[in-house]
Amino acid sequence: TSFINIENIRNDFPILKRKVHKDKPLVYFDNAATTQKPIQVIESISNYYLNYNSNIHRAVHELAEEATLAYETTRDKIAKFINAKNREEIVFVRGTTEAINLVAYAWARQNINKDDIIVTTEYEHHSNIVPWQLVTKEKGAKLEYIGVDDNGELILDHLDKYLATGKVKLVTFSQMSNVLGTITNSEEIVKRCKKYGARVLIDGAQSVPHMKVDLQKLDCDFFAFSAHKMLGPTGVGVLWARKELLQEMVPFNGGGDMIREVHKYETTWNDLPYKFEAGTPNIADVIGFSAALDYLDKIGMDKVREHEIELTKYALDKLSQMKGIILYGPKDATKRGGVISFNLGDIHPHDLATIIDEDGIAIRSGHHCAQVLMERLDVSATSRASFYIYNTKEEVDVFIKSLNRAKELFKI
Ligand code: PMP
């Protein structure tokens with residue numbers, strides 16, 4: 001597309017040069033699951049292990065100081081990237097899943113009581129459903145759902161109905177659906193929740209990698225995302241939470257680094273955010289994440305978004321002309337991310353993904369960790385193509401051609 005220099009970008013991703021099934025160029029359309037990594041990220045990790053590998057925070061030697069600086073600098077970059085007010089509000093975790101579980105354990109278990117309500121949505125990933133089932137069952141509280149309409153958007157009347165009971169303590173939703181691509185009207189939801197004093201957690205796993213996110217504008221209470229969906233390594237993610245909340249929350253894990261003083265029977269906690277970072281963290285991958293943030297910053301998140309809108313619009317136009325296709329989610333590419341879920345005739349998504357894999361195309365098929373949404377859509381599975389900065393219109397053409405081959409095979 002015209003928004004980014006795609007050739008230069010593709011050159012930074014060694015994996016895009018490989019062939020699959022002997023001689024097929026790789027078309028990687030499974031970016032909602034995890035993205036590929038540019039050479040800058042790969043090299044920053046190996047550079048750490050080659051040149052300054054050491055544990056952080058405690059030692060005074062030069063290697064430890066370099067490692068600590070690189071690790072802590074990543075925290076500053078993240079705060080800037082999502083426009084958080086304080087670096088102490090950035091807690092490193094393993095990923096979105098761990099971030100949400102941290103809130104469920106260290107905040108919800110202390111603040112949710114019998115008959116309270118937690119509200120989530122029908123288009124959540126399992127990681128934003130199961131932790132709330134665990135907490136509400138334990139506390140005798142209720143879990144309620146904001147429904148999804150036929151255009152793939154949340155039905156906010158449902159939220160209003162629950163808020164009006166005065167019992168809602170927490171509302172939690174993803175800023176972008178990993179199946180429908182829907183971009184949630186997050187600021188509006190936060191505004192409504194505030195009137196009733198309900199806390200808000202936003203799952204940013206699919207939004208932060210693909211659009212500009214401004215936490216001060218969003219004004220939520222908790223925010224979670226993963227590095228591996230935005231060019232970074234696996235095993236690193238972020239929980240952002242309001243300082244006041246982190247201060248009153250109980251620790252999630254106990255151990256080294258999260259303490260100030262330990263006595264036989266009593267311990268005092270370290271300052272934020274270290275109170276929530278027990279044990280030796282994933283130093284190398286946090287440093288790798290730093291390089292991923294630099295990479296995205298250099299392109300600019302507005303450009304990333306524009307590129308994906310153009311690619312999604314191009315793909316949606318072509319797909320919607322295909323006989324027998326059902327497309328899920330908003331029709332307007334400006335209201336959604338670069339995630340396209342669909343079903344083609346009665347071909348099972350796993351069969352479809354297998355056929356187009358023969359042509360070198362990697363897509364995802366299945367329930368996408370969103371079985372509640374599958375039930376709502378009344379399907380057992382969908383196929384899903386998802387784009388990122390290195391994908392091209394030519395790749396979309398290859399994808400369409402391959403889908404047509406599948407149609408012929410299945411006589412659709
Ligand atoms: N929420 C959403 C919307 C996601 O797409 C994902 C990843 N598929 C997750 C949460 C979980 O992220 P992770 O596996 O990195 O913890």
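Throughout, residue positions are numbered sequentially from 1 according to the sequence presented.
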Enquirer: Charged N to carboxylate O below 4.0 Å: is that the case for Asp397 and Lys318?
Expert: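 Looking at Lys318 together with Asp397, the answer is yes, because their closest N to O distance falls below 4.0 Å.
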Enquirer: For Tyr71, check side chain to side chain donor-acceptor pair (under 3.5 Å) against everything at least two apart and list the hits.
Expert: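 With neighbours one apart ignored, the set is Glu277.
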Enquirer: Closer than 4.0 angstrom, basic N to acidic O: yes or no for Asp219 and Lys191?
Expert: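 Salt bridge between Asp219 and Lys191, a charged N being under 4.0 Å from a carboxylate O: no.
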Enquirer: Let's go through Glu144 and Lys161 carefully: what are the C-alpha distance in whole Å and the side-chain angles of both, what is the deciding distance for salt bridge (charged side-chain N to carboxylate O under 4.0 Å, His left out) to 0.1 Å, and is it a yes or a no?
Expert: CA-CA 11 Å; Glu144 302 285 8; Lys161 189 182 79 187; over 6 Å; no
Enquirer: On the 0 to 90° scale, with breaks at 30° and 60°, tag the His350-His348 ring pair as parallel, tilted or perpendicular.
Expert: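 Ring orientation of His350 relative to His348: tilted.
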Enquirer: Is the gap between the ring centers of Tyr274 and Trp269 under 6.0 Å?
Expert: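 No - the distance between ring centres of Tyr274 and Trp269 does not fall below the 6.0 Å cut-off.
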Enquirer: Could Glu153 and Lys335 be called an ion pair, given the rule that one side-chain N must be under 4.0 Å from one carboxylate O?
Expert: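 No, this pair does not count.
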Enquirer: Is the shortest distance from a Lys or Arg side-chain nitrogen in Glu395 or Arg10 to a carboxylate oxygen in the other one below 4.0 Å?
Expert: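 Salt bridge between Glu395 and Arg10, a charged N being under 4.0 Å from a carboxylate O: yes.
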Enquirer: Salt-bridged, Asp115 to Lys167, with N to O below 4.0 Å?
Expert: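 No, this pair does not count.
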Enquirer: Quick check: closest heavy atoms across Lys303 and Phe3, and the distance to 0.1 Å?
Expert: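 It is CD-O, 3.1 Å.
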Enquirer: Not counting sequence neighbours, which residues clear ring-ring contact (aromatic ring centres under 6.0 Å, His included) with Tyr328? List them please.
Expert: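 Per chain and number, Tyr328 pairs via ring-ring contact (aromatic ring centres under 6.0 Å, His included) with no residue.
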Enquirer: Would you confirm whether Ser226, through its side chain, and Ala205, through its main-chain N or O, come within 3.5 Å as a donor-acceptor pair?
Expert: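 Pair absent, no side-chain N/O of Ser226 close to backbone of Ala205.
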